[in-house]
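Every chain is numbered from 1 and lettered A, B, ... according to where its sequence line falls, protein lines coming before strand lines. Remember, predicted model here, so these are calculated numbers, not experimental data.
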There are 2 protein chains.
Amino acid sequence: MPKREGTTIAGKRDPKTRVKPTLDEIAERANTSRSTVSRAFSRPDLLNPKTVAQILAIAEEIGYRPNNMARALSTGRTGNIGLLVPDIANPFFPPLIKAIQSQADALGLCLFLGSSGESGARENTLFERLAGQTDGIILASTRLSEAQVKIHAARHPITLINRDMAGLPRVLIDTQAAVMEAVGFLAENGHRHIAYLSGPKESWSNQQRMEAATEACRRTDMRLSIIPLSEPSFEGGEAAAEEAVAAGVTAILAFDDLTAQGAHARLSALGIDVPRDISLIGCDDALPAMTYPALSTLSGLSQEAGRHALKLLCDAIEHRDGSQDMKVVLGARFILRDTAGPAPAGDAKDRDRS
Amino acid sequence: MPKREGTTIAGKRDPKTRVKPTLDEIAERANTSRSTVSRAFSRPDLLNPKTVAQILAIAEEIGYRPNNMARALSTGRTGNIGLLVPDIANPFFPPLIKAIQSQADALGLCLFLGSSGESGARENTLFERLAGQTDGIILASTRLSEAQVKIHAARHPITLINRDMAGLPRVLIDTQAAVMEAVGFLAENGHRHIAYLSGPKESWSNQQRMEAATEACRRTDMRLSIIPLSEPSFEGGEAAAEEAVAAGVTAILAFDDLTAQGAHARLSALGIDVPRDISLIGCDDALPAMTYPALSTLSGLSQEAGRHALKLLCDAIEHRDGSQDMKVVLGARFILRDTAGPAPAGDAKDRDRS
DNA sequence: TTGACTTATGCAATCGGTTGCAAATAACTT
DNA sequence: AAGTTATTTGCAACCGATTGCATAAGTCAA
């Protein structure tokens with residue numbers, strides 16, 4: 001038997017020393033039954049208005065708070081949702097988390113947050129732990145394989161952000177068109193050889209961007225060097241920038257803004273001016289105006305993505321038939337700011353063409 | 001009675017269609033009782049090793065996961081902790097959250113995250129909601145009054161970050177010495193009039209910084225203009241910068257890095273060069289190297305703070321006597337980078353003195 | 001063989017709610 | 001006044017675990 005605070009008198013807890021008021025305590029004081037008190041909260045329409053008023057008054061007086069876990073146990077609904085991201089510290093996620101949290105808050109839901117540290121194994125563990133105490137989970141930029149996602153989805157409502165799997169509710173930020181725009185811009189400005197700093201293999205977004213960059217370079221007849229990032233971080237960007245320089249590119253398209261900033265730092269350290277010597281374009285617009293010179297990037301939409309994701313998740317929880325294939329696609333755009341411009345004169349054989 | 005999935009046969013659920021395996025199902029298959037199965041997990045030392053092995057095998061086979069909420073209900077321990085911050089999107093917090101989440105993860109705890117949007121009322125609501133399903137809550141940079149914090153602390157284990165209240169476990173990042181250093185640096189570099197962009201009134205950190213700035217200016221005989229931020233955000237910093245310029249200062253000390261960046265943006269937009277015309281110093285080192293020119297700031301330590309806070313919270317949960325007054329103080333330092341330097345010649349009457 | 005201890009297991013109450021069903025009371029009909 | 005229908009309430013089972021206490025089985029010495 002659990003040890004609880006509160007002295008015991010004749011098998012009953014002494015109300016004076018009781019820590020957390022329960023339904024029973026209210027029932028006792030109101031001289032009625034547990035069921036009635038319970039209904040005073042959940043289905044007041046079934047009760048005599050006077051009774052309800054009295055019960056609510058007592059509840060207020062003794063500071064009663066319903067026990068969420070007990071309720072969850074009997075209803076099967078927890079009122080909690082989970083959100084798993086690869087790395088909270090990556091500036092792409094905080095706005096997303098914020099949007100989800102604030103909307104969850106408005107719906108009376110509590111939010112579990114998990115950061116997997118870019119590790120699929122950890123993500124699995126977190127999922128298991130959260131599955132038992134949430135009504136559904138949002139996987140943002142999951143690093144899990146399709147097979148693993150499917151296994152989880154079979155046992156628990158899921159919504160995906162930036163992962164395209166038919167049959168599961170998902171929100172996608174489509175950056176392909178924006179990448180094409182960006183590459184087009186570079187081509188028109190005399191660049192002939194650019195680098196793409198490639199993010200995690202498991203990342204759907206990265207695959208999309210890489211594909212689009214490849215295709216765009218093919219069309220514009222530019223050379224593309226794909227440089228894999230050791231990790232999608234500031235440091236990863238620094239290291240990759242060096243390789244890009246060695247490859248002799250005049251422009252860099254980075255997996256995301258954080259790596260772009262890392263690249264920027266390293267380029268500056270090497271005495272390479274951005275955008276005079278090398279143009280730099282990030283992705284996600286995660287650092288909107290926080291940087292100087294302002295980073296050219298692809299628009300982020302992470303907040304919109306978050307909002308849609310929570311909505312889809314709630315739908316999925318509601319009617320679990322899952323009959324419809326829910327998919328929301330948000331289109332990103334190329335945002336030209338201060339870090340991208342014409343290729344340096346020496347390289348720009350076709351410069352006048354633009 | 002709750003509706004659950006799974007058909008019902010003679011009052012018992014058909015195992016074939018049962019969704020989530022329970023203790024009872026294992027007990028049935030292992031031909032033993034609930035208690036034994038339960039103990040196979042919690043106190044295997046009390047059982048016959050053979051029995052334990054058999055039970056674990058069956059559990060594994062049918063994919064059993066203990067129901068956290070049921071367990072919590074009977075043990076009184078949820079295995080969850082809560083973290084409340086004023087604004088996830090403020091770059092000071094993600095590293096803090098990350099540190100706490102990753103340590104919680106290692107301890108097998110799940111983390112609830114709440115962002116109060118700088119509102120005390122919302123923070124109270126979130127607290128109430130979380131209190132019922134956590135073993136303890138960390139309040140980071142709370143915007144609540146001391147009285148409110150006390151009320152909560154009386155009913156639920158709490159640890160504070162950046163709020164000094166005797167009797168409650170707390171982690172403080174002391175920036176006073178660092179502020180003095182920074183102001184001293186400015187004084188030595190010929191500045192005679194500086195501005196402090198003041199953050200939320202409820203913020204302990206802001207009070208500390210403002211006090212220290214005031215005191216340091218008094219000692220160095222500098223003039224100090226205190227400019228309240230409409231909100232501790234990028235936009236707030238932009239607006240405040242304008243006022244600082246109007247006041248005629250040659251240096252700005254901002255409440256945090258985000259507002260400093262906002263100020264920087266506005267100054268640049270006004271054609272004012274940093275640090276030539278105006279020196280700018282942030283606080284928290286939340287954007288370590290993400291910015292150009294690199295922001296001078298006061299070191300952050302948010303990760304260390306997070307780690308300590310979780311440790312204190314666990315201690316508080318453990319022995320709830322709360323006999324000792326736990327307090328951890330981390331000392332910040334002034335970090336000189338590219339945005340601060342000598343006062344412009346015209347203003348620097350004492351310049352040669354340094 | 002029997003009493004004294006261990007060791008392994010099961011019984012049943014409990015945590016704090018929810019809810020189907022039935023009983024009690026109130027309100028109308030005719 | 002008797003019969004019907006609506007309103008309000010209470011009983012008791014249930015959600016899925018934990019755990020104090022008691023019983024059953026096993027060990028061992030005398």
Side-chain angles (χ1 to χ4, degrees), chain A residues 1-6 8 11-13 18-28 30-55 59 62 64-79 131-133 135, chain B residues 1-6 8 10-13 15 18-28 30-55 59 62 64-79 131-133 135:
Chain A
M1 218 142 316
K3 293 133 207 156
R4 289 292 170 76
E5 276 127 303
T8 296
K12 272 189 165 185
R13 277 219 215 79
R18 192 174 296 174
V19 226
K20 293 242 173 190
T22 70
L23 276 189
D24 288 288
E25 180 167 353
I26 300 183
E28 199 176 322
N31 219 350
T32 161
S33 73
R34 274 227 294 290
S35 354
T36 302
V37 179
S38 172
R39 280 190 269 256
F41 293 101
S42 51
R43 301 289 318 268
D45 53 299
L46 290 181
L47 263 42
N48 184 327
K50 277 183 165 179
T51 317
V52 174
Q54 187 203 9
I55 290 177
I62 65 178
Y64 168 76
R65 311 273 171 233
N67 180 322
N68 226 316
M69 319 202 81
R71 175 176 297 177
L73 191 53
S74 83
T75 61
R77 274 300 191 86
T78 65
Q133 33 193 345
D135 296 331
Chain B
M1 216 139 319
K3 293 133 205 154
R4 290 292 171 77
E5 277 127 301
T8 296
K12 273 189 166 187
R13 276 217 218 81
R18 193 174 294 174
V19 225
K20 292 240 173 193
T22 71
L23 277 190
D24 288 287
E25 180 166 353
I26 300 183
E28 199 176 323
N31 220 353
T32 159
S33 73
R34 273 227 291 292
S35 352
T36 301
V37 178
S38 172
R39 281 189 268 258
F41 293 101
S42 51
R43 303 287 318 268
D45 52 299
L46 292 180
L47 264 42
N48 185 326
K50 276 183 166 178
T51 316
V52 175
Q54 187 202 9
I55 290 177
I62 65 177
Y64 168 76
R65 311 273 170 234
N67 181 323
N68 226 315
M69 321 204 80
R71 172 177 300 177
L73 190 55
S74 83
T75 60
R77 274 303 192 83
T78 64
Q133 35 193 344
D135 296 331

Closest to side chain of [X], choosing from [options]:
{"X": "B:Thr36", "options": "C:dG10, C:dG16, D:dT18", "result": "C:dG10"}
{"X": "A:Ala70", "options": "D:dG16, D:dT9, C:dG16", "result": "C:dG16"}
{"X": "A:Ser38", "options": "C:dT9, D:dT19, C:dT18", "result": "C:dT18"}
{"X": "A:Thr51", "options": "D:dT9, C:dT18, D:dT8", "result": "D:dT9"}

Exercise for the section: Measure the spacing between CD of B:Glu25 and OH of B:Tyr64 and express it to the nearest 0.5 Å. Expected result: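 Between atom CD of B:Glu25 and atom OH of B:Tyr64 there are 11.0 Å.
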Handout entry: Distance (rounded to the nearest 0.5 Å) between B:Thr36 OG1 and B:Leu23 CG
Key =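 The CG atom of B:Leu23 is 10.5 Å from OG1 of B:Thr36, to the nearest 0.5 Å.
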Exercise for the section: Would you mind classifying the nucleic acid contact of A:Ser42 as base, sugar-phosphate or nothing, using non-hydrogen atoms under 4.0 angstrom? Expected result: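 Since no nucleic acid heavy atom lies under 4.0 Å of A:Ser42, the category is nothing.
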Exercise for the section: Under 4.0 Å between any heavy atoms, over every strand shown, what does B:Phe41 touch: base, sugar-phosphate, or nothing? Just pick one. Expected result: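 Since no nucleic acid heavy atom lies under 4.0 Å of B:Phe41, the category is nothing.
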Send over the distance from [X] [atom1] to [N] [atom2], rounded to a whole Å.
{"X": "A:Glu25", "N": "C:dT14", "atom1": "CD", "atom2": "P", "answer": "17 Å"}
{"X": "A:Asn67", "N": "C:dT14", "atom1": "CG", "atom2": "C1'", "answer": "13 Å"}
{"X": "A:Met69", "N": "D:dT18", "atom1": "CE", "atom2": "P", "answer": "13 Å"}
{"X": "A:Asn48", "N": "D:dT8", "atom1": "CG", "atom2": "P", "answer": "6 Å"}
{"X": "A:Arg34", "N": "C:dG16", "atom1": "CZ", "atom2": "C1'", "answer": "7 Å"}
{"X": "A:Lys50", "N": "C:dT25", "atom1": "NZ", "atom2": "P", "answer": "17 Å"}
{"X": "A:Glu28", "N": "D:dG10", "atom1": "CD", "atom2": "P", "answer": "14 Å"}
{"X": "B:Arg71", "N": "C:dG17", "atom1": "CZ", "atom2": "C1'", "answer": "20 Å"}

Can you find a side chain N or O atom of [X] that sits less than 4.0 Å from OP1 or OP2 on [N]?
{"X": "A:Thr32", "N": "D:dG10", "result": "yes"}
{"X": "A:Ser33", "N": "D:dG10", "result": "yes"}
{"X": "B:Ser35", "N": "C:dA12", "result": "no"}

Exercise: identify the closest heavy-atom pair between [X] and [Y]:
{"X": "B:Ala30", "Y": "B:Ile55", "result": "CB-CG1, 4.4 Å"}
{"X": "B:Ala59", "Y": "B:Ile26", "result": "CB-CD1, 3.7 Å"}
{"X": "B:Met69", "Y": "A:Thr78", "result": "SD-CG2, 3.5 Å"}

Problem - Degree of bending in the helix from C:dT1-D:dA30 to C:dT30-D:dA1 once both end axes are built from five pairs, to 10° - result: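 Comparing the first five pairs with the last five, the axes sit 50° apart.
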Handout entry: Which residue lies more 5' along DNA chain D, comparing A:Asp45 with B:Asn68 via nearest heavy atoms
Key =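 Between the two, 5'-proximity favours A:Asp45.
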Expected output: side-chain [X] to main-chain [Y] donor-acceptor under 3.5 Å:
{"X": "B:Ser38", "Y": "B:Arg34", "value": "no"}
{"X": "A:Thr75", "Y": "A:Arg71", "value": "yes"}
{"X": "A:Asp135", "Y": "A:Gly79", "value": "yes"}

Practice task
Establish whether the base of D:dG10 is bridged to the side chain of A:Arg39 by a donor-acceptor pair shorter than 3.5 Å.
Solution key: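 When only heavy-atom distances are counted, A:Arg39 does reach the base of D:dG10 through a donor-acceptor pair under 3.5 Å.
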